[in-house]
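One structure is given below, encoded as structure tokens.
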Amino acid sequence: MYQQIENLNIQCVNSSESGTQPFTPPNLLHFTHDILNTGLFEDEALIRLLDQYPAQDIHVTTMVANSNPGQDVNNWRVGTTEGVSGEQILEAVRKGRLWLNIKRLAENAPAYQALMSTLYQALSTKLSCSVPTWQRATLLVSSPTTSVYYHADSIPNLLWHIRGNKTVFVYPHSNYTFASQQQLELICSGKSEERLKYQPEFESSAQQIHLKPGQALLWPQHSPHRVVNTSGLNVSLSTEHITPAARHKVNLFRANRLLRKLGIHPIINPPNSLSAQTKQGIAICHNIAKKLLQKEPISFDLTPTFRVDPNSELGYREI
């Protein structure tokens, strides 16, 4: 079934615009691929994966119908798949209003880990650069009418779209109107979820991409974005990675948060400036101190309020 894993046919549509750091590009990059041909994302394979997967790494959520991009966090609810078979889960997602984040894919599923490694190796060859030293993968399986609210991630990620149709909205990453410095400082420090404050006037600045199976996107680090499914059972692979440039940017925001707590109003410094290098040292020392003190990371897990149920119109029932 998985004999095609070495022939993913990755093509870079606009890689010439990526600059000297293609895994942390200054502009939105488009790719095409043949991931669906691996057989790893057909119904049978997804059901088998769900049946064998650790329950704690299957995160299921729902959101209110006709939700807007700036919907309050209380309208994004967490559920459970406990006691529900893989076939039932997939059927509930297909007919309901659910979003599955299947976490730690590389750690829990060797075939998908091999796929992720092959993807990054092939992409680094196409982009003529080194493979990122750290990667992580999450499988996204979602209903035809679900969405992901306006947010930003701390590290770069690629969205490999495989089944269904969705629209991705990507907003400017270098303008702090769309994501303030303070918000990014909290996200990069792990002190806040990725949700951002949204304003309807942001839409005039968004890049709108209608994503079809066999397409992939890599947006600039810290770009605010949101996703709206438009038809069909949607299946995508989200891969994250860290490069020296990405780590450098995260550390700058972490250091700025520490300075802000001391009453200093920091600015974003040029990457190679003395101030930026000093902030790198501050962030690294702080991370070492946290490890020595064995501080636990802040958890944003919510209490489940529903259970997946394929017999329900929305794919779940209240607990």
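Keep in mind the model is a prediction, meaning the values are calculated, not measured.
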Assess, by modelled atom type and distance only, whether the side chains of [X] and [Y] contain a donor and an acceptor separated by less than 3.5 Å.
| X | Y | value |
| --- | --- | --- |
| S85 | Q88 | yes |
| N229 | S142 | yes |
| S238 | N157 | no |
| Q113 | S117 | yes |
| N108 | D57 | yes |
| Y176 | Q183 | no |
| S312 | R317 | no |

How about [X]: does its [atom1] atom have over 12 heavy atoms from other parts shown lying under 6.0 Å from it?
| X | atom1 | answer |
| --- | --- | --- |
| E82 | CD | no |
| Q56 | CD | yes |
| E87 | CD | no |

> Same hydrophobic cluster for L90 and L105, using side-chain heavy-atom links shorter than 4.5 Å among ILVMFWY?
Replying inline: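 L90 clusters together with L105.
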>> Tell me whether R226 forms a cation-pi arrangement with Y149, defined as NZ or CZ under 6.0 Å from the six-membered ring centre and within 45 degrees of its axis.
In response: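 Cation-pi check for R226 and Y149: fails.
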Of all the heavy-atom pairs spanning [X] and [Y], show the shortest one and how long it is.
| X | Y | result |
| --- | --- | --- |
| L196 | A179 | CD1-CB, 3.8 Å |
| H151 | E194 | CB-O, 3.0 Å |
| E193 | I187 | O-CG1, 3.4 Å |
| H161 | S236 | ND1-OG, 2.7 Å |
| V84 | V308 | CG2-O, 3.4 Å |
| Q215 | H33 | O-NE2, 3.2 Å |

> Does the pair E185/K261 count as a salt bridge with the N-to-O cut at 4.0 Å?
Replying inline: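 No, E185 and K261 are not salt-bridged.
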>> Under 4.0 Å between a side-chain nitrogen and a carboxylate oxygen: does that hold for R48 and E44?
In response: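 Counted as a salt bridge, because a side-chain N and a carboxylate O are separated by less than 4.0 Å.
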> When you look at Y150 and F202, which way does the ring-ring contact (aromatic ring centres under 6.0 Å, His included) test go after all the steps?
Replying inline: CA-CA 10 Å; Y150 184 71; F202 291 172; 5.7 Å; yes
Before we go on, tell me: are the rings of [X] and [Y] under 6.0 Å apart, centre to centre?
| X | Y | answer |
| --- | --- | --- |
| F253 | H222 | yes |
| Y198 | F178 | no |
| H225 | W219 | yes |
| Y120 | H241 | yes |

Find the distance between [atom1] ([X]) and [atom2] ([Y]) and round it off to the nearest 0.5 Å.
| X | Y | atom1 | atom2 | value |
| --- | --- | --- | --- | --- |
| N256 | R260 | CG | CZ | 6.5 Å |
| L119 | I10 | CG | CD1 | 5.0 Å |
| I162 | L211 | CD1 | CG | 10.5 Å |

> Pick one: which of T62, T145, T146 meets side chain to side chain donor-acceptor pair (under 3.5 Å) with R97?
Replying inline: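 Answer after filtering T62, T145, T146: T145.
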> Which of these passes side-chain contact (heavy atoms from CB on, under 4.5 Å) with L100: L140, I89, V235?
Replying inline: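 Of L140, I89, V235, side-chain contact (heavy atoms from CB on, under 4.5 Å) with L100 is met by I89 alone.
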